[in-house]
Novice: 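Once you've had a glance at the structure underneath, I'll fire off some questions.
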Amino acid sequence: MKVLHMHGPPYKKMKVSKNLDRKKDVSTSFEYHKLCEARRKLPIYPVQNRLVQEVRRLNTVIVIGETGSGKTTQIPQFLFRAEVHRGSQIAITQPRRVAAVTVAKRVAQEMKSELGKLVGYCVRFEDVTSESTRIKYMTDGMLLREAIIDPLMRRYSVVILDEAHERTIHTDVLFGVVKAAQRQRAKKGLKPLKIVVMSATMDVDHFSEYFNSAPVLYLEGRQFPVNVYYSCCTQSDYQFAALVTLGQIHKQAPPNHDVLMFLTGQDEIESMVRFVRDIGRSLEGQAPPIIACPLYAALPPQVQLRVFNRTPPGARKVVIATNIAETSVTIPGIKFVIDPGMVKARVFNPRSGLDLLKVVRISKAQALQRTGRAGRESSGSCYRLYTEQEFDSFKLNTVPEIQKGDLNIKRMCSLSSVVLQLMALGISDLIHFDFMDRPSKESIITAVDELHLLGAVEKREKIQLTALGKQMAAFPLEPRLSKVILVAKEFSCLEEIMSIVSLLSGESVFYTPHKAREEALAARRKFMSTEGDHISLLNIYKTYKSVGGNKNWCMENYIHQRNMKTALDVRNQLREICDRQNLPFKSCRDDTVAIRKCLTAGFFMNAAELQREGTYICLSTRRPVSIHPSSSLFRSKPGYVLYNELIQTSKCYMRDLCVVDPDWLYEAAPSHFKRKKLPT
DNA sequence: GAGCACTGC
């Protein structure tokens with residue numbers, strides 16, 4: 001490789017280690033010193049006592065703990081042993097399913113209890129708890145959903161919100177919900193609700209302020225020091241810089257010192273893997289053999305598992321990963337981290353009003369998280385491919401998800417879901433809801449407007465949920481899709497609608513490997529309908545069912561088996577909810593008009609009209625849009641279509657389309673279309 | 001004639 005002979009970015013060594021970025025916040029804190037002293041004698045019990053004491057005294061405590069502090073597994077046990085829970089349940093939320101499940105398993109082992117008895121977990125499709133469960137790990141979305149049924153969270157005496165620094169939309173909403181529940185319970189003279197917020201954040205004051213100046217406890221982690229090196233000058237090509245840095249490390253570092261490199265996406269990672277393998281080959285005999293492992297979410301699970309394989313003696317593992325390796329996956333053996341300081345994120349484009357995926361700078365918090373990955377088992381090094389001045393200009397924290405949605409069309413759906421959920425919780429004044437970081441007024445109003453259009457809320461002296469809205473809130477779906485389900489009763493086609501909605505709500509069931517692209521597209525053509533992609537999806541579902549849905553059929557037809565399985569799980573879940581609401585499970589057989597009319601009731605705001613020039617414009621925004629080449633309607637030009645989503649790449653593409661009649665649009669939302677001229 | 005980071009109910 002030519003690259004190896006060139007000079008890489010020179011580095012300046014910094015005296016930074018685990019307390020990087022914390023600055024005086026932490027080191028001058030009285031609690032911190034007190035905690036450290038105590039910990040030197042007896043590492044974990046003083047924390048336990050202090051925690052229990054504070055929770056008893058003040059009801060709310062913030063716990064700041066580095067990775068490896070054991071807070072997720074230990075703190076619930078502390079509170080349980082001290083009987084802070086007073087016989088009822090302790091809930092611990094996690095942003096990710098896997099974390100909720102694996103942590104619960106470990107704690108069950110530690111407590112020598114069968115999983116699902118004393119210690120259990122609850123995630124979508126899986127409730128492993130029982131009457132005797134006292135420590136319950138769950139996803140944040142799950143607790144939020146439970147809160148709709150019981151806003152006072154009566155079955156819990158302690159709610160622990162873990163990984164709060166990640167600021168997922170669910171955790172952010174839960175902040176307000178648990179705070180309100182705590183206050184309400186106190187007011188009603190019910191058993192107090194204890195709240196513990198656990199975070200790895202640097203932005204401690206913000207959390208503490210929000211929770212009425214709750215005391216902050218600092219935990220030390222099992223983190224080893226990491227030397228941080230900044231680049232001396234700005235790097236114009238971070239991929240190149242990353243490769244050069246890897247080359248230098250590889251030539252100098254002893255074997256079995258593994259490397260983790262962060263890149264932004266699949267393409268970048270795959271091409272980097274090829275370069276890295278080239279380096280390995282060109283240095284054969286002079287340096288340890290390289291095992292290059294790509295890691296990103298879209299990778300099949302078996303391939304992902306390779307990063308956990310132990311590196312054979314004398315070799316070096318180089319893991320090239322997306323930000324999945326920041327939080328979701330912990331890889332053993334990492335001594336070096338290469339951080340180009342970039343991440344691919346959804347960003348809002350104010351010019352087009354659309355969001356798109358773009359490579360942007362990470363936050364300081366993310367940089368710290370990446371650095372920490374080098375110090376899990378012993379001390380390590382982190383190469384930051386940006387200057388210290390550049391680092392100073394990074395945002396302190398990643399923008400909370402709930403604020404990312406502002407004016408962002410794709411995310412509008414999420415905010416309307418959240419608004420619907422909050423209203424179902426009995427909170428109608430969302431503008432004044434106690435958000436830790438509030439979304440803009442405009443984005444709330446837009447969400448309320450959408451719910452109004454769907455008939456989920458009505459505006460009297462104040463905004464309130466309609467009976468329809470209440471029913472909609474019971475479904476774990478975007479409000480538009482819930483509306484489609486509820487309207488299916490009128491058209492007697494719930495059977496078909498359920499299949500379509502299930503397939504639409506999850507990830508794509510189309511599997512298109514690079515090597516067999518043509519075969520995959522040909523296989524797909526068999527199911528395509530001239531009425532659009534929704535009917536095509538229904539054809540797939542029906543065929544899958546008629547052949548008994550086996551693995552071979554999926555392979556032959558290039559259908560993504562795992563995603564298909566998830567869609568079936570979703571369908572079962574939706575069916576249960578429909579049963580509870582006494583919705584008749586009728587089939588319309590081949591009456592696709594009924595199906596498309598249902599879809600119109602939920603997606604009329606996503607209608608596009610064919611213009612004389614042969615292009616489309618979106619009826620709500622008057623913006624030009626195009627049919628995505630993957631659509632079954634790509635080669636046809638129907639007068640009116642609905643689309644499931646817009647995606648901005650080289651053009652503004654509509655995805656998942658359905659042919660409709662303009663009359664249906666008017667029937668579905670007369671007020672929305674009254675000023676718009678629609679030919680009959 | 002196109003490409004998509006990561007989650008969750």
Side-chain angles (χ1 to χ4, degrees), chain A residues 93-101 122-127 138-149 163 166-174 262-270 295-299 321-329 342-347 355-362 366 369 398 400-402 404 410-411 413-414 417-418 420-421 424 472-479 481-482 501-502 505-508 510 512-514 517-518 520-521 566 569-570 573-574 576-577 626-631 633-635 645 647-655:
Chain A
T93 67
Q94 295 291 320
R96 282 170 292 279
R97 294 170 56 97
V98 253
V101 176
C122 186
V123 296
R124 191 181 190 182
F125 310 129
E126 256 187 295
D127 182 358
M138 61 206 298
T139 45
D140 48 10
M142 200 52 141
L143 184 61
L144 195 56
R145 209 141 258 292
E146 280 189 2
I148 294 180
I149 299 158
E163 310 292 351
E166 290 196 28
R167 304 297 304 275
T168 68
I169 202 158
H170 290 147
T171 301
D172 258 38
V173 175
L174 277 173
F262 284 98
L263 288 177
T264 66
Q266 182 171 345
D267 281 358
E268 249 178 52
I269 290 172
E270 291 299 346
L295 179 64
Y296 48 88
L299 216 55
T322 60
N323 46 343
I324 192 172
E326 260 171 39
T327 49
S328 307
V329 173
M342 296 296 191
V343 68
K344 200 178 277 187
R346 272 190 192 278
V347 291
D355 65 340
L356 66 169
L357 286 165
K358 199 179 158 191
V359 174
V360 294
R361 275 298 189 201
I362 57 172
Q366 266 178 301
Q369 187 76 32
T398 313
E401 206 183 347
I402 202 162
K404 265 190 215 164
K410 179 89 199 282
R411 281 292 170 190
C413 302
S414 310
S417 299
V418 164
L420 182 66
Q421 284 192 32
M472 282 168 63
F475 291 92
L477 296 168
E478 290 166 33
L481 289 174
S482 313
V501 168
S502 312
S505 78
E507 286 176 73
S508 171
F510 295 117
T512 324
H514 229 73
R517 201 170 151 271
E518 286 310 315
L521 295 182
T566 310
D569 287 342
V570 172
Q573 190 188 25
L574 297 179
E576 280 171 27
I577 299 168
S626 309
I627 298 179
H628 195 273
S630 67
S631 171
L633 299 178
F634 182 61
R635 295 194 190 285
E645 64 171 358
I647 191 133
Q648 164 111 0
T649 49
S650 56
K651 278 182 182 174
C652 194
Y653 284 108
M654 301 180 274
R655 287 217 301 203

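Below, chains carry the letters A, B, ... as their sequence lines are ordered, and counting in each starts from 1.
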Novice: Is A:Phe475 touching bases, backbone alone, or none of the nucleic acid, heavy atoms closer than 4.0 Å?
Specialist: nothing

Novice: From C-beta outward on A:Ile324, which listed nucleotide comes closest to its side chain: B:dT7, B:dA5, B:dG8?
Specialist: B:dT7

Novice: Reading DNA chain B from 5' onward, which residue's closest nucleotide shows up sooner: A:Arg145 or A:Gly265?
Specialist: A:Gly265

Novice: Can you check the A:Gln366 CD to B:dC6 C1' distance for me, whole Å?
Specialist: 10 Å

Novice: May I ask you to say what A:Arg517 touches in the nucleic acid, namely base, sugar-phosphate or nothing, with a heavy-atom cut-off under 4.0 Å?
Specialist: base

Novice: I'd like to know if the side chain of A:Arg145 and the backbone of A:Phe475 have a donor-acceptor N/O pair within less than 3.5 Å.
Specialist: yes

Novice: Base, sugar-phosphate alone, or nothing: which one does A:Arg96 contact when heavy atoms must sit under 4.0 Å apart?
Specialist: sugar-phosphate

Novice: Choose from B:dA2, B:dA5, B:dC9 the nucleotide whose nearest atom is closest to any side-chain atom of A:Arg97.
Specialist: B:dC9

Novice: Please determine whether a side-chain nitrogen or oxygen atom of A:Thr168 lies at a distance below 4.0 Å from atom OP1 or OP2 of B:dG8.
Specialist: no

Novice: For the residue pair A:Ser417 and A:Glu478, what are the closest heavy atoms and their distance?
Specialist: OG-CA, 3.9 Å

Novice: Within the modelled atom types, does a donor on one side and an acceptor on the other bring the side chain of A:Arg635 and the base of B:dG1 under 3.5 Å apart?
Specialist: yes

Novice: Which residues pass the side chain to side chain donor-acceptor pair (under 3.5 Å) test with A:Arg97, not counting sequence neighbours?
Specialist: none

Novice: Give A:Glu166 one of three labels, base, sugar-phosphate or nothing, depending on what nucleic acid heavy atoms sit under 4.0 Å from its own.
Specialist: nothing

Novice: Mind calculating the distance between CG (A:Asp267) and C1' (B:dA2) to the nearest angstrom?
Specialist: 12 Å

Novice: Using the side chain to side chain donor-acceptor pair (under 3.5 Å) criterion, which residues pair with A:Ser631? Sequence neighbours excluded.
Specialist: A:Asp533

Novice: What's the closest nucleotide to the A:Ala297 side chain, out of B:dC9, B:dA2, B:dT7?
Specialist: B:dT7

Novice: Counting only side-chain nitrogens and oxygens, does A:Thr139 get under 4.0 Å of the OP1 or OP2 atom of B:dC9?
Specialist: yes

Novice: Taking A:Gln94's backbone N and O only, do any of them form a donor-acceptor pair with A:Glu163's side chain (distance below 3.5 Å, no angle check)?
Specialist: no

Novice: Taking NZ from A:Lys344 and P from B:dT7, how many angstroms apart are they, rounded to a whole number?
Specialist: 15 Å

Novice: Between C1' on B:dA2 and NE2 on A:His628, what's the gap in Å once rounded to a whole number?
Specialist: 5 Å

Novice: Does B:dC6 have OP1 or OP2 sitting under 4.0 Å from an N or O in the side chain of A:Tyr296?
Specialist: no

Novice: In terms of side-chain heavy atoms of A:Tyr653, which of B:dC9, B:dA5, B:dG1 is nearest?
Specialist: B:dG1

Novice: Take the protein atom CG of A:Leu143 and the nucleotide atom P of B:dG8, then report the distance between them rounded to whole Å.
Specialist: 16 Å

Novice: Could you tell me the separation between the CD atom of A:Glu146 and the P atom of B:dG8, rounded to a whole number of Å?
Specialist: 17 Å

Novice: Write down the distance between CD (A:Gln94) and C1' (B:dC9), rounded to a whole number of angstrom.
Specialist: 16 Å

